[in-house]
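Naming convention: chains lettered A, B, ... in sequence-line order (proteins, then strands); numbering from 1 in each chain. When reading the values below, keep in mind they use all heavy atoms of this one structure, side chains included, and skip hydrogens, waters and symmetry mates.
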Amino acid sequence: MVTVAVVVDTPQHSTVRGALSYDAQVPLPAGSLVQVPLGRRTVCGIVWPQGPQPEPGVELKPVGEVLTQLPPLPAAWCALVEFAAGYYQRSVGEVAHAALPADLRKLADKQLALRLKKLAKLQPAGGTAPALPTLTAEQDAALAGLTGDAAQVALLHGSTGSGKTEVYLRAVARALDAGRQAMVLVPEINLTPQLEARFSERFPDRVIVSLHSGLTPAQRLRHWLAAHLGRADIVLGTRMAVFASLPRLGLVVVDEEHDPSYKSQEGARYSARDLAVYRGKLEGATVLLGSATPSLESWHQAERGRYLKLAMPTRVGGGVLPRVRFVDMNHVPKDVAHSHALSPPLLDALQRRVAQGEQSLVLLNRRGYAPVLQCLECAWKSGCPHCSAWRVFHRVDRTLRCHHCGYTERVPSACPECGNPDIQPVGRGTERLEEQLAVSLPGARVARIDADTTRLKGTLEAQLASVHAGEVDVLVGTQMVAKGHDFRRVTLVAAVNPDAALFSSDFRAGERLFALLMQAAGRAGRDAGQAERSVMLVQTWHPTHPLYAALRAHDYDAFAADTLKEREMAGLPPHAHLALLRAEARTQEAAQAWLAAASSTADEIGASAAGVTLYPPVPMSVARVANIERAQMLVESGSRPALQRFLSQWLPQLHALRGEHKALVRWAVDIDPLAI
DNA sequence: AGCACGCCGACT
DNA sequence: GTCGGCGTGCTC
């Protein structure tokens, strides 16, 4: 009999934190999947490289079935999971099991053998490789910088249209030629099909699989196994793919590395981009981070020489970035300006495009018809009964919808408070903008793309195809349309009402706005013939704001330098490191009381002496969601290790504290939070 | 999280 | 007299 350490799926709120010990007949290799008894049930476990010694005298239960058909998970995979669990303060079991396909856990050894046999026959799509495009001097230089040295991290700062994807393709080709596997991450599931098409065309003799939440459980298992067995050469996917098991990983590409989607917002709140960098170090793989507007975290690392900076400022094929012009809303008629509607210069520009048969893209980051309805007689507004937020008026189906809890009702025909039939929309969303454009531009074909029009699978593709086919003159949309789609005939991009982000309490709002507008600008003038006439129009009350000055000059470097200086002075990332302790309770008082108690515990273990500062508990900006009150507390330190050391001391104490707070529903910690 | 055990109200 | 409410406590 030998003792083996096994991790099982135990969530955060559990006293089981590390591996458990079991008896086995023979030593089992680390990374093997096993069935083990846990309490009264049998669960899937993973044999772990090391675990705590079992208490002497404790009777150990025996390991059940071992999945001998499955090659054990590589040591590097276990190390990545262990690091992620430690860094994001979750149990190893939770992170490990969340990283595996759900179906794998249910499989018996025999069924597995069958699946593996089928996979052995997996063949590349076939076909002939296309002729390679000639590289620009900038692409050449970027690729020359990628030496293929172990654990190199490179930040590819390339303008929209500078040909970043071609650099990815060449870098992947090199990794494959060296007998290694490549992983390519994209922020959104929407972007995987077009990337997959691009890679299959370039690598017809390679096996390519995708990993994202849109796959069926069976597909996910198949793709995961293909990667794990080394049958797949290329893995494309969203943030979850960073945990794929790849025995020969040689390259990780993180496209649009600044995108907030890489940060998980539930369970272990990991950053796939940060884990990709860590993973590259672990496995001696090159990591290539690409963006037109890098995150300030990555930019800062590059400036400090930790990452290699590769710059591609020029558009391929002679395209130039559109001229950026501002419509000063202080100078347009008051009634128009006040409703943030379409200014005469913008309408004029749109009309001209329609007349010339060119396309326009109008951006408004707000779904629905109007963000709130209001009674003209009394003070009634369309608040959500369950949340501290307004319900949004959706005109298509005549509903009031809460975007936080989903609570939906038919819009009332009269004010529910005073019976006055005159209730009116306040402000505007994409629905209302679409309607207004249709009225203002008679004869123009206006279409809208946002989360509401693309709810059904495949509708986004269909709508984009109709835009590409030239069936649309003016496309209205949220940030969804600014991401990655290559519109050849767009010569005007307009931002209707972007100012709010300039004065947001969220310190990253400016960074996100700049990225969004730069990305949107990149949608125009992709075609060299039209590039000269291409314009981005921004309606603003603050045309002299530094963010807009940087946007006008397409000058990311200036924006980054300004913002990094501000962050340094304010003690914010990347110059400081943050964690958020969040609490949800029946009442706001209970939520804050728990945080206050947590704060006292932190004082007792000497937070400030450890270089860690705790701020007072505050309600979250939307304090109540689905009748649960939410509060949070910011924890900050100039040193990442100091913050980590403190958290690993503090959090176990908070588990113990939990019992004394009956009204507390749940709590969680978010390391490196995106918004505070 | 499951899935127990455990101690108090309306039914065959 | 039992079925079952979900309160707290453990899982090698």
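Residues satisfying the side-chain contact (heavy atoms from CB on, under 4.5 Å) criterion with Ser621(A), sequence neighbours excluded, are absent altogether.
Atoms CZ (Arg41(A)) and P (dA1(B)) sit 12 Å apart, rounded to a whole Å. As a whole-Å value, the separation of His97(A) NE2 from dG2(B) P is 13 Å. Remark: P of dA1(B) and CD of Glu94(A) are 10 Å apart, rounded to the nearest angstrom. Distance Gln50(A) CD to dC12(C) P: 21 Å, rounded to the nearest Å. To the nearest angstrom, P of dG7(C) lies 13 Å from CZ of Arg658(A). Separating the CG atom of Leu60(A) from the C1' atom of dT11(C) is a distance of 13 Å, rounded to the nearest angstrom. If you measure from atom CE of Met1(A) to atom P of dC12(C), you get 15 Å, rounded to the nearest angstrom. A straight line from CD of Glu59(A) to P of dT11(C) spans 14 Å, rounded to a whole angstrom.
Between Arg512(A) and Asp506(A), at least one side-chain N (NZ, or NE/NH1/NH2) sits under 4.0 Å from a carboxylate O, which counts as a salt bridge.
Of all nucleotides listed (dC12(C), dC5(B), dA1(B)), dC12(C) comes nearest to the side chain of Lys61(A). The side chain of Arg40(A) has dC5(B) as its nearest neighbour among dC5(B), dC12(C), dG2(B). Ranking dA1(B), dA4(B), dC12(C) by closeness to the Ser21(A) side chain, first place goes to dC12(C).
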Expected list for residues 210-217 of chain A: side-chain donor-acceptor pairs under 3.5 angstrom, two or more places apart:
| from | atom 1 | to | atom 2 | distance (Å) |
| --- | --- | --- | --- | --- |
| His212(A) | ND1 | Gly214(A) | N | 3.0 |
| Thr216(A) | OG1 | Gln219(A) | N | 3.2 |
| Thr216(A) | OG1 | Gln219(A) | OE1 | 3.3 |

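The aromatic rings of Trp594(A) and Trp667(A) sit tilted relative to each other, their planes meeting at an angle between 30° and 60°.
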